[in-house]
Amino acid sequence: MQNTPFENYKKRVLSTMEKSGMPKEYATPFLEPENIVEGNIDVKMDDGSTKKFKGYRVQYNSARGPYKGGIRFHQDADLDEVKALAALMAIKCAVVGIPMGGGKGGVTVNPKELSKKEIENLSRGWVRLMGDNIGVDKDIPAPDVNTTPEIMGYMLDEFEKINKRNEPGMITGKPLALGGSQGRTPATGQGGFYVLESLMKALGKKEKGTIAIQGFGNVGYYFARLVHDAGYKVVAVSDSKEGIYVPGGIDPVAAENLKSSGKRLSDYDGAQVITNEELLELDVDILVPAALDNQIREDNAKNIKAMFIIELANGPITPEADVILENAGVIVVPDVLANAGGVTVSYFEWVQNRSQFYWTEEEVLAKLKPIMDDAFEKVFIASKEKEISMREGAFYVALERLVESMKLRGRI
Ligand code: NAD
C-alpha cells in the first residue's frame, strides 16, 4: 500500500536528520502537530435544510511564530492530508526564514455542489468552529485549493463580528480593499523565477534553456511571463484540458489572451496538441510542474528528460520518483523552497496589516528577492556540504532553524 502524505513527510524528516547527522531524538517534536481542531460545521442550505461538513485546522509548530497556512475546500481533504500540509508549511516558513509556524485547514466538501451563499455560510461556519484558536498572534489562515480572496473576506468579517474588533491580520490573501497586499497574485511565480535564476547562476549556466510548464493558472502563467521576458524559451504549457508544444517558443501573454477570450491553448498559432503526460516527458532543459500533486511518479519518472525541475505545485513528485530522478542526476528544486514566494508575501500582508501601512507592488517584490535568494543559497550550500538532495537540503535548513527555536524555548 502507498504511504499517506503524512507518512511521507515523517519519512523525509527522519531521513534528513539521519543523513545530515542531526541527533535522532530531535525529530520527536516534528513528528506530530502541536494541536488539532476538528469538528462538524452546520451549514444552512438554500432549500432551508441544514447539512454537516467536517472541518479541520492543524497547528503544527509555533516555536518560530504564529501558525500560518491555507484552508482547502475539497472532497478528498482529510485529517492525514491536512496534517501533512501543515507540517510542510512549518518547513516552508522556516526555509525562507519568516517568523511563522506551520498550519493548514480544510473542509471535506465538493464546493462545486454548493451555491455561492452556501459557500459563504460554510466559510463563516469554519471560523466559528475555530473559535479563539485563530487570530493575528495565534494562527493566520489563507487561501488554498478552492478558497479565494472573496472567501477570506467572509472569514475576516465573521471573525471581526464575533470578536468585536478590527483585526485584518488574522487572515491573508484578502481582497486589496480589505487589506490584501499588492504583489500577492504574482508572488509565487516571481519567487520561483528568483530561485531558477539563482540555480542557473550557482551552476554557472549562462545560456537560457527551454522550459515546459504544466499548469497555466496563477502560478504557471506569472512564472511563464517572467522566464519568457528573461530570455528562456517556453516551448510547452498545459491546463486541465490539454497541453501545447511550440518548438519555436510560446509568448505567455498571447496564450493567456487566447484563454481569457474564451479560446483554448490549442488555438495558439503553430501549436502541436499534447497530453499532460507527454508534456512532462518532453526533451526540455527545465520542467516546471505548476498544477497538481503526484504528477511524477514511480511509473513515469524514468521518462523525464529535463535535467532541472522547479516544483511550483505542492507535492508534484512522489518520494519513489524522487529516488529515480536523483539517481538519474536530475536536480529538483523542492516545493518548500520553489513556491515559498507565496507564503512570504502573505507574511508581508500580515506585517502591513499590523502596521496599517501599505507598500507598492514594486516594494513588495523587491523585498521578496533577498529572502528567496538567501533561502536558495542556504539550501544549495547545505545540499552540497551534506551531499544530499536539494529537498533534503531544504528540510535540513528548516529543521536546524526549528530545532534551534525549540531548544532556546527549552522544549527539547
Ligand atoms: P490555479 O487554479 O490558478 O491553476 C492551476 C492550473 O493547473 C490551471 O491552469 C489548471 O487548468 C491546471 N490543471 C488542473 N488540472 C490539471 C491537470 N490534470 N493537468 C495539467 N494542468 C492542470 O492554481 P495555482 O494557484 O496556480 O496553483 C498551482 C499549484 O501551485 C498548486 O499545486 C498550488 O498548491 C501551488 N501553489 C500555489 C500558490 C499560490 O500562491 N497560488 C502558492 C504555493 C503553491
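Just so it is clear, the structure is predicted and the values come from calculations on it, not from any experiment. Computed over heavy atoms, backbone and side chain alike; hydrogens, waters and symmetry mates excluded. Start at 1 and go down the list; that is how both ligands and their atoms are numbered.
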Which atom of Gly135 lies closest to which atom of Phe159, heavy atoms considered: CA-CZ, 3.8 Å
Can you tell me the protein heavy atom closest to atom 3 (O) of ligand 1 and the distance? Asn218 N, 2.9 Å
Side-chain donor or acceptor of Lys233 paired with backbone N/O of Thr210 under 3.5 Å: no
Side-chain (Ser181) to main-chain (Arg184) donor-acceptor, under 3.5 angstrom: no
Does the protein place any heavy atom closer than 4.0 Å to atom 19 (N) of ligand 1? yes
Test ring pair (Phe, Tyr, Trp, His ring centres under 6.0 Å) on Phe223 and Phe216 and set out the steps. CA-CA 9 Å; Phe223 179 83; Phe216 201 60; over 10 Å; no
Between Lys161 and Asp157, is there a side-chain N and carboxylate O pair less than 4.0 Å apart? yes
For Val219, atoms of ligand 1 separated by under 4.0 Å from a heavy atom: 24 (P), 25 (O), 26 (O), 27 (O), 30 (O), 37 (C), 38 (C), 39 (C), 41 (N)
Is it the side chain (CB and beyond), the backbone, both or neither of Val145 that lies under 4.0 Å from ligand 1, heavy atoms counted? neither
So the atoms of ligand 1 within less than 4.0 Å of a heavy atom of Arg184 turn out to be 40 (O)
Nearest non-hydrogen atom to atom 17 (C) of ligand 1 belongs to which of Leu292, Leu279, Ile213? Leu292
Could you pull out, from Gly189, Gly173, Gly215, Ser240, the option with a heavy atom nearest to atom 13 (N) of ligand 1? Ser240
Atom indices of ligand 1 within 4.0 angstrom of Gly217 heavy atoms, with elements: 3 (O), 4 (O), 6 (C), 8 (C), 9 (O), 26 (O)
Atom indices of ligand 1 within 4.0 angstrom of Asp239 heavy atoms, with elements: 9 (O), 11 (O), 20 (C), 21 (N), 22 (C)
With a cut-off of 4.0 Å, which atoms of ligand 1 are near a heavy atom of Asn339? 43 (C), 44 (C)
Residue-level breakdown please: for Gln295 versus ligand 1, do any non-hydrogen atoms fall below 4.0 Å on the side chain, on the backbone, on both, or on neither? neither
Using atom types as modelled and distance alone, determine if a side-chain donor or acceptor of Asp335 lies under 3.5 Å from a backbone N or O of Glu311. no
